[in-house]
Novice: 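There's a structure below that I have some questions on.
These values consider heavy atoms only, across backbone and side chains, with no hydrogens, waters or symmetry-generated copies. FYI, the numbering just counts along the sequence from 1.
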Amino acid sequence: EGIARSKSIRYIKINNLSNDGFTSIVRALGSLSQLEELTIGEINNVGPDGWSHLLSLLGSGVCKLKMFHLYRNNYMGNEGVDVLSNGLRGIGSSLKELVLEDNSIDSGGLSTLVEALQTCTSLEKLYLSGNDLSSAAAAAGLSSLSDWLQRHEVNLNELALSS
């Protein structure tokens, strides 16, 4: 029923929803096996249950996203990065573009993210601009990123970093 009948949807963009709205929509996406691009922007009130449903969607392996854009989620922080990193392990082999701009990701979040990026063997574009990467405390996360770029098979064509 409903969206489950529209299995051919390849692109979805979600903006400016409350936590309840976000959670409801993400729950409904679980049956979209053809979904290739998911953009989630400017959702400032996503709580643990919302991130949990996103993890379920990504980790299920049902959808094999090629592009995942998650931007301007000011309250994402490290909790959201933990969930996202676990989800990336489920879609890593298909993911070509990851945009995580303006999400309040700091050094700890970046280190966690880098661990998950090791499963993203097809990743060509990585955008991390607008996060908390300029402070002295960010050095550890940036060091993890540098190590990943140097030591792993990385196919990046584009990398964007700025604070």
Novice: To the closest 0.5 Å, what do you measure between OG (Ser143) and CH2 (Trp148)?
Specialist: 14.5 Å
Novice: Is Ser85 reaching over with its side chain to a backbone N or O of Asp82, donor-acceptor style, under 3.5 angstrom?
Specialist: no
Novice: Quick one: CG on Leu70 to CG on Leu54, what's the gap to the nearest 0.5 Å?
Specialist: 7.0 Å
Novice: Does the pair Thr39 and Glu37 meet the rule for a side-chain contact (heavy atoms from CB on, under 4.5 Å), with working shown?
Specialist: CA-CA 7 Å; Thr39 298; Glu37 184 174 351; 3.9 Å; yes
Novice: Can you tell me how far CD1 of Ile40 sits from CG of Asn16, rounded to the nearest 0.5 angstrom?
Specialist: 12.5 Å
Novice: Which salt bridge (charged side-chain N to carboxylate O under 4.0 Å, His left out) pairs, counting each pair once, include a residue from residues 85-96, with sequence neighbours left out?
Specialist: Lys96-Glu124
Novice: Could you tell me which residues satisfy salt bridge (Lys or Arg N to Asp or Glu O under 4.0 Å) with Glu36, sequence neighbours excluded, listed by chain and number?
Specialist: Arg10, Lys66
Novice: What distance separates Leu145 CG from Leu159 CG, expressed to the nearest 0.5 Å?
Specialist: 6.0 Å
Novice: My understanding is that only residues two or more places apart in sequence, or in another chain, count here; which of them pass side chain to side chain donor-acceptor pair (under 3.5 Å) with Glu101?
Specialist: none
Novice: Indicate the atoms forming the closest heavy-atom contact of Ser94 with Leu65, along with that distance.
Specialist: OG-O, 2.8 Å
Novice: Might you point out which heavy atoms bring Ile25 and Leu17 nearest each other, and give the distance in Å?
Specialist: CG1-CD1, 4.0 Å
Novice: Quick one: side chain to side chain contact (heavy atoms under 4.5 Å, CB included) partners of Asp106, sequence neighbours excluded?
Specialist: Asn78, Asp132
Novice: One pair to check against side-chain contact (heavy atoms from CB on, under 4.5 Å): Leu126 and Val99. What are the steps and the verdict?
Specialist: CA-CA 6 Å; Leu126 177 62; Val99 177; over 6 Å; no
Novice: Compare every heavy atom of Leu95 with every heavy atom of Glu97, then report the nearest pair and how far apart it is.
Specialist: O-CD1, 3.6 Å
Novice: Going by the rule side chain to side chain donor-acceptor pair (under 3.5 Å), which residues pair with His53 if we only count those two or more places apart in sequence or in a different chain?
Specialist: none
Novice: Using side chain to side chain contact (heavy atoms under 4.5 Å, CB included) as the criterion, list what pairs up with Asn155, not counting sequence neighbours.
Specialist: none
Novice: Using the side chain to side chain donor-acceptor pair (under 3.5 Å) criterion, which residues pair with Ser146? Sequence neighbours excluded.
Specialist: Gln150
Novice: Distance check, rounded to the nearest 0.5 Å: Leu113 atom CG versus Cys120 atom SG?
Specialist: 8.0 Å
Novice: Could I get the full list of side chain to side chain contact (heavy atoms under 4.5 Å, CB included) partners for Leu55, not counting sequence neighbours?
Specialist: Val83, Asn86
Novice: Would Leu38 and Leu29 count as a side-chain contact (heavy atoms from CB on, under 4.5 Å) if you check the C-alpha gap in whole Å, the side-chain angles of each, and the deciding distance to 0.1 Å?
Specialist: CA-CA 10 Å; Leu38 178 59; Leu29 300 180; 4.1 Å; yes
Novice: My understanding is that only residues two or more places apart in sequence, or in another chain, count here; which of them pass side chain to side chain contact (heavy atoms under 4.5 Å, CB included) with Glu158?
Specialist: Lys125, Tyr127
Novice: Report the residues that fulfil side chain to side chain donor-acceptor pair (under 3.5 Å) with Ser144, sequence neighbours left out, ordered by chain and then residue number.
Specialist: Ser111
Novice: Show the nearest heavy-atom pair for residues Lys64 and Gly90, with the distance to one decimal.
Specialist: NZ-O, 3.7 Å
Novice: If you group Ile, Leu, Val, Met, Phe, Trp and Tyr by side-chain heavy-atom gaps below 4.5 Å, do Tyr71 and Tyr11 land in one group?
Specialist: no
Novice: Atom CG of Leu57 and atom CG of Leu32: how far apart are they, to the nearest 0.5 Å?
Specialist: 8.0 Å
Novice: If you link ILVMFWY side chains whenever their heavy atoms are less than 4.5 Å apart, which other residues fall into the same cluster as Met67? By chain and number, please.
Specialist: none
Novice: Verify, without hydrogens or angle tests, whether Ser24 (side chain) and Asp20 (backbone) share a donor-acceptor contact under 3.5 angstrom.
Specialist: yes
Novice: Does any N or O in the side chain of Asn131 come within less than 3.5 Å of the main-chain N or O of Ile105, such that one atom is a donor and the other an acceptor?
Specialist: yes
Novice: Start with the C-alpha distance between Leu98 and Leu100, add both sets of side-chain angles, then the distance that settles side-chain contact (heavy atoms from CB on, under 4.5 Å), and finish with yes or no.
Specialist: CA-CA 6 Å; Leu98 180 60; Leu100 297 175; 3.9 Å; yes
